[in-house]
Number of protein chains: 2
Amino acid sequence: MTDWKQLLSNAGCRITTPRRAVMQVLMSSDAPLSPQEIRERAQAMHHELGLVTVYRTLKLLTELNLVRRIHTEEGCCGYVAVALGEACHHLVCTSCRRTVEFPCTGLDDTVAELERLTGFSVQNHWLELLGLCPACQAKQKVVIQRKEEC
Amino acid sequence: MTDWKQLLSNAGCRITTPRRAVMQVLMSSDAPLSPQEIRERAQAMHHELGLVTVYRTLKLLTELNLVRRIHTEEGCCGYVAVALGEACHHLVCTSCRRTVEFPCTGLDDTVAELERLTGFSVQNHWLELLGLCPACQAKQKVVIQRKEEC
DNA sequence: GCCTTATTGAAAAACATTTTCAATAAGGGA
DNA sequence: TCCCTTATTGAAAATGTTTTTCAATAAGGC
């Protein structure tokens, strides 16, 4: 859990109170958070934390692959801490935003076929799944039942 | 090629000069364009076209699945016309931005496995591939050769 | 503990997108 | 074909997000 400090340090960056606060907030959330939300929560640990610093910290952490930017809905985006590094993607609940990280697998064939077809050489990709988490599926069933009762 | 007019009409929307201009610009570009770029190009057809109208038109066309929003790089996004409707994704050249549409296939197994593992029910997904188109691969080889000659 | 220098926070700038509202023009019906 | 209703438009202003600037601060190697 102090891995990230090592990584920052190795990259020649300092371990500062704002960075600790932002990292802690992200690691203890299972949903993507906006810079604003991160600031609000992180201020519990570091009251003077400025929004500018949050942006700068997120940029740094994203470059180091400690954090991933997620585009949950049109125009709305958030950040999550990642454990699996570069080779992972996210499954986000459209209702409560709970997010699960999963390893990147199963695309190789599609990519190979596409390279053959188009002549492109694929370097990178971006995948995100949207759905309902178990808890929100249950809630939704209750809503449907109530409607039927009317 | 007039399909989109039919679709707009069926949705109870009018076929206006601004909409024609935006649609034509998007259909004749093989790279994603920003609202600004769309406006600049579309003004050749409709000089008074306002940026606000471009935004509104893009929103409408996106809802009707005639256009897709693409997040090519951090913070940079653009719009492309789509032919395959909802069930397609895009492969974008990171150098010249040329974009190829491809049908959505090959994810079913990954999704099923993930549903089993997490209990989520997956409703939707978002995939984008980044790479180099054949032309830009060729250019890059030339650059590498030149470097070696030094 | 000191000193160098990366990092921070506040204000201002830059940028992207949305809202508001009166003027305009699509296109269905007479 | 013309008229009338109403969706659509464009400009200005509002809103919201992200970046830049710069002096003050604090990390952490020595």
Side-chain angles (χ1 to χ4, degrees), chain A residues 2 4-25 32-64 66-79, chain B residues 2 4-25 32-64 66-79:
Chain A
T2 40
W4 66 272
K5 289 184 189 171
Q6 203 46 247
L7 238 153
L8 266 196
S9 211
N10 290 347
C13 301
R14 294 179 181 171
I15 314 299
T16 65
T17 314
R19 286 173 183 170
R20 257 192 297 263
V22 168
M23 204 59 201
Q24 196 160 324
V25 165
L33 299 175
S34 70
Q36 277 287 2
E37 289 170 320
I38 292 167
R39 176 172 129 123
E40 278 157 25
R41 297 191 187 192
Q43 282 187 328
M45 277 162 271
H46 182 52
H47 188 56
E48 313 76 25
L49 182 62
L51 190 54
V52 192
T53 302
V54 174
Y55 275 101
R56 282 188 285 227
T57 304
L58 288 173
K59 193 179 172 212
L60 175 66
L61 296 174
T62 304
E63 279 163 7
L64 293 174
L66 288 165
V67 157
R68 182 77 58 89
R69 183 181 197 171
I70 288 194
H71 304 245
T72 29
E73 298 246 326
E74 279 308 329
C76 183
C77 80
Y79 294 82
Chain B
T2 41
W4 67 271
K5 290 186 188 170
Q6 203 45 247
L7 238 156
L8 266 196
S9 211
N10 291 347
C13 301
R14 295 179 180 172
I15 314 301
T16 65
T17 314
R19 285 172 184 171
R20 257 192 297 264
V22 169
M23 204 58 201
Q24 195 159 324
V25 165
L33 300 174
S34 71
Q36 276 287 2
E37 289 170 321
I38 293 168
R39 176 172 129 124
E40 279 156 25
R41 297 192 189 192
Q43 282 187 327
M45 276 162 272
H46 182 53
H47 188 56
E48 313 76 26
L49 181 63
L51 190 55
V52 192
T53 301
V54 174
Y55 275 102
R56 281 188 286 227
T57 304
L58 289 172
K59 194 180 171 211
L60 175 66
L61 296 174
T62 304
E63 279 163 6
L64 294 173
L66 289 165
V67 158
R68 182 76 58 87
R69 184 182 196 172
I70 289 195
H71 304 244
T72 30
E73 298 247 325
E74 279 309 330
C76 182
C77 80
Y79 294 82

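Here is the naming used below: chain letters follow the sequence lines, and residue numbers restart at 1 for every chain.
On the nucleic acid side, DNA chain C contacts chain A at distances under 4.0 Å to non-hydrogen atoms, with the end points of that region at dT5(C) to dA11(C).
Between the P atom of dT18(D) and the CG atom of Leu58(A) lies a distance of 10 Å, rounded to the nearest Å.
Gln43(B) meets the side-chain hydrogen bond (donor to acceptor under 3.5 Å, both in side chains) test with no other residue; sequence neighbours excluded. Residues passing the side-chain contact (heavy atoms from CB on, under 4.5 Å) test with Thr53(A), sequence neighbours excluded: Pro18(A), Leu49(A), Arg56(A), Thr57(A). Applying the side-chain hydrogen bond (donor to acceptor under 3.5 Å, both in side chains) test to Glu37(B) and every residue at least two apart in sequence or in another chain returns Ser34(B). Considering only residues two or more places apart in sequence or on other chains, Glu63(B) meets the side-chain hydrogen bond (donor to acceptor under 3.5 Å, both in side chains) condition with none of them. For Arg20(A), the side-chain contact (heavy atoms from CB on, under 4.5 Å) partners two or more places apart in sequence, or in a different chain, are Trp4(A), Lys5(A), Ile15(A), Thr17(A).
Put simply, the side chain of Arg19(B) gets close to the backbone of Arg14(B): a donor and an acceptor are under 3.5 Å apart. Between the side chain of Arg69(A) and the main chain of Thr62(A), no donor-acceptor pair closer than 3.5 Å is present.
Contact annotation: the side chain of Pro35(B) approaches that of Tyr55(B) to within less than 4.5 Å [non-hydrogen atoms, C-beta and beyond]. Using a 4.5 Å cut-off on side-chain heavy atoms (C-beta onward), Arg39(A) and Val25(A) make no contact.
The CG atom of Leu8(B) sits 6.0 Å away from atom CG of Leu64(B), with the distance rounded to the nearest 0.5 Å. Atom CE of Met23(B) and atom CG of Leu66(B) lie 4.5 Å apart (nearest 0.5 Å).
The minimum heavy-atom distance between His46(B) and Ala21(B), with the atom names listed, is CB-CB, 4.3 Å.
Less than 4.0 Å separates DNA chain D from at least one heavy atom of each of the following residues of residues 37-50 of chain B: His46(B), Glu48(B), Leu49(B), Gly50(B). Of the residues in residues 10-24 of chain B, Cys13(B), Arg14(B), Thr16(B), Pro18(B), Arg19(B) come within less than 4.0 Å of DNA chain D through at least one heavy atom, sorted by number.
Comparing the end axes of the helix from dG1(C)-dC30(D) to dA30(C)-dT1(D), each fitted to five base pairs by superposing C1' atoms of four pairs onto the next four, gives an inter-axis angle of 40° (nearest 10 degrees).
Residue-to-nucleotide proximity on DNA chain C shows that, of Pro35(B) and Leu60(A), the 5′-proximal contact is made by Leu60(A).
Here the rule is side chain to side chain contact (heavy atoms under 4.5 Å, CB included) with Leu33(B), and of Ile38(B), Val22(B), Val54(B) only Ile38(B) fits it.
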